[in-house]
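The chain is numbered in sequence order, starting from 1.
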Amino acid sequence: MSKRNSHIGSDFDDFLTEEGILQDVELVAVKRIIAHQIEQELRDKKVTKKVMAEKMQTSRASLNRLLDPENLGITLQTLGKAANALGMRLHVSLEK
């Protein structure tokens, strides 16, 4: 008699929830997307990190933390400054 795999038929979110890491994984994914979008805009608009930091009225070190996909310690104020410096708007929502 073979053992039944308890994860067959479940989705990956269920697995992450069971492991207690769903929220952390989602936050890292969101941060990676945001960092990628900002880097893409910098390339598309040919804006250097130095110029971007000046537009945000912050340091290059702060900008590097924003662009670091693993650094989750970013404030909404920093995200808003980055969006504004790139001529964009920041939209944040909570979903059920």
Side-chain angles (χ1 to χ4, degrees):
M1 184 163 171
S2 65
K3 292 183 181 180
R4 185 174 187 279
N5 186 336
S6 64
H7 295 292
I8 292 177
S10 65
D11 67 14
F12 193 58
D13 285 355
D14 291 339
F15 169 74
L16 294 175
T17 299
E18 288 173 14
E19 295 296 313
I21 59 172
L22 177 63
Q23 182 180 3
D24 294 337
V25 170
E26 287 179 338
L27 291 174
V28 170
V30 168
K31 178 58 185 339
R32 286 181 177 176
I33 291 167
I34 290 170
H36 177 74
Q37 287 176 330
I38 292 170
E39 286 180 336
Q40 187 65 48
E41 283 296 312
L42 289 173
R43 279 192 298 276
D44 291 350
K45 294 181 178 182
K46 296 179 174 63
V47 176
T48 66
K49 286 184 179 182
K50 179 182 178 192
V51 170
M52 179 67 171
E54 289 170 358
K55 286 183 175 187
M56 290 176 61
Q57 299 178 340
T58 191
S59 66
R60 280 195 58 192
S62 179
L63 178 58
N64 285 333
R65 285 190 295 275
L66 174 63
L67 297 174
D68 178 357
E70 302 300 322
N71 187 333
L72 301 179
I74 302 301
T75 66
L76 289 175
Q77 182 177 19
T78 301
L79 290 173
K81 284 182 177 184
N84 188 51
L86 293 168
M88 302 172 81
R89 292 184 60 201
L90 175 65
H91 295 274
V92 178
S93 67
L94 299 173
E95 298 178 6
K96 288 186 179 188

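I34 contributes atom CD1, which lies 12.5 Å from atom CD of E39 (distance to the nearest 0.5 angstrom). E19 CD to T17 OG1: the interatomic distance, rounded to the nearest 0.5 Å, is 10.0 Å. With values rounded to the nearest 0.5 angstrom, M52 atom CE is found 10.0 Å from S62 atom OG. Separating the CE atom in M88 from the CD1 atom in I38 is a distance of 8.0 Å, to the nearest 0.5 Å. With values rounded to the nearest 0.5 angstrom, F12 atom CZ is found 9.5 Å from L22 atom CG. Note that CZ of R60 is 10.0 Å distant from CD of E54, once rounded to the nearest 0.5 Å.
Cluster membership for L79 and V30, using ILVMFWY side-chain heavy atoms within less than 4.5 angstrom, is shared. Both V47 and L90 are assigned to one and the same hydrophobic cluster, defined by single-linkage of ILVMFWY side chains at heavy-atom distances under 4.5 Å. Two different hydrophobic clusters hold V92 and V28 under the rule that ILVMFWY side chains link at heavy-atom gaps under 4.5 Å. The cluster map of Ile, Leu, Val, Met, Phe, Trp and Tyr, joined by side-chain heavy atoms under 4.5 Å apart, puts V51 and L67 in the same cluster.
The backbone N or O of L63 lies less than 3.5 Å from no partner atom in the side chain of K49, so there is not a single donor-acceptor pair.
Evaluated for a side chain to side chain donor-acceptor pair (under 3.5 Å) with E70, the options K31, R32, R65 yield exactly one hit, R32.
Counting heavy atoms of neighbouring residues, nucleotides and ligands inside a 6.0 Å radius, atom CZ of R89 does not exceed 12 of them.
Residues L86 and L42 have side chains in contact (heavy-atom distance under 4.5 Å, counting atoms from C-beta outward).
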Does the side chain to side chain donor-acceptor pair (under 3.5 Å) test come out yes or no for T75 and T78, once each step is laid out? CA-CA 5 Å; T75 66; T78 301; 3.0 Å; yes

